[in-house]
Amino acid sequence: VIWLIGPGSRRGRVLMSTFATVREATGQQRPDHNHGCKPVEVVPGVWTAHFHDIETSEALHRVSTSLRTVVNCATDKCPTKPGSYGDGVDVVVVEGLLDDPEPRKKVDAMPEGAEKEAALKA
């Protein structure tokens, strides 16, 4: 997941969510390896995008020309680092936030039901 922060992100509004409200929107089933959403503004000034939609400076600017900060929290898979997008776009790298192991991801991708529950307990 990469979060993109535009200039309007410091508006003083606090938006709260809970794990339950997030799961209402996302569901319980983990998407496959091709997951990701098209770039979208989640809350005013904060965007999310799949790495492949913003992997170059040109791609990032196709999303929005007002983006000034990219947060890369998938450093083991996404090579974005300071300087990747040129002048005027900061890159914040969050090291050590690792993805789940492949066997766990396969279980999480299973449809809800008894088989998944049994696999989670194993």
Side-chain angles (χ1 to χ4, degrees):
V1 175
I2 295 178
W3 291 87
L4 310 171
I5 303 170
S9 61
R10 293 183 181 92
R11 296 186 184 174
R13 288 181 24 188
V14 176
L15 300 173
M16 301 286 294
S17 67
T18 64
F19 186 72
T21 58
V22 170
R23 284 297 183 220
E24 281 179 34
T26 64
Q28 296 288 333
Q29 187 174 346
R30 182 186 186 113
D32 65 17
H33 71 281
N34 256 349
H35 76 284
C37 61
K38 292 295 175 196
V40 64
E41 191 171 22
V42 180
V43 295
V46 177
W47 292 66
T48 188
H50 190 279
F51 172 70
H52 295 299
D53 289 322
I54 61 155
E55 61 188 321
T56 65
S57 179
E58 294 78 20
L60 179 72
H61 288 100
R62 280 194 297 271
V63 171
S64 172
T65 57
S66 66
L67 297 171
R68 299 292 175 253
T69 304
V70 173
V71 179
N72 180 0
C73 58
T75 58
D76 60 322
K77 296 181 179 160
C78 304
T80 304
K81 60 188 182 311
S84 292
Y85 298 108
D87 294 335
V89 178
D90 295 321
V91 177
V92 178
V93 177
V94 180
E95 298 286 352
L97 188 60
L98 301 177
D99 204 350
D100 288 327
E102 292 302 317
R104 173 61 192 240
K105 290 195 296 190
K106 288 181 180 177
V107 171
D108 286 346
M110 296 170 68
E112 293 302 307
E115 186 179 352
K116 181 175 184 175
E117 289 175 26
L120 286 169
K121 292 177 185 174

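None of these values were measured; they are calculated from a predicted model. What's counted below: heavy atoms across the whole structure, side chains too, no hydrogens, waters or symmetry copies.
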Handout entry: By side chain to side chain contact (heavy atoms under 4.5 Å, CB included) - contacts of Ala118 (at least two apart)
Key = none
Problem - Test item: Arg104 and Leu120 side chains (from C-beta on) under 4.5 Å apart, heavy atoms - result: yes
Problem - Lys81 side chain to Val91 backbone, donor-acceptor under 3.5 Å - result: no
Completion exercise
When Val92, Val89, Val93 are each screened for side-chain contact (heavy atoms from CB on, under 4.5 Å) with Val70, the one that passes is Val89
Exercise for the section: May I have all residue pairs that pass ring pair (Phe, Tyr, Trp, His ring centres under 6.0 Å) and include part of residues 52-83, sequence neighbours excluded? Expected result: His50-His52
Handout entry: Least distance between heavy atoms, Asp53 atom then Ala59 atom
Key = O-CB, 3.5 Å
Handout entry: Note, Thr48 side chain near Val40 side chain (heavy atom, < 4.5 Å)
Key = yes
Handout entry: Non-hydrogen atoms of Asn72 and Thr75 that approach each other most closely
Key = OD1-N, 3.6 Å
Handout entry: Ile54 vs Tyr85 side-chain heavy atoms within contact, under 4.5 Å
Key = yes
Completion exercise
Heavy atoms of Pro111 and Lys116 approach each other most closely as O-CB, 3.5 Å
Problem - Qualifying salt bridge (charged side-chain N to carboxylate O under 4.0 Å, His left out) pairs, either residue in residues 82-95, two or more places apart - result: none
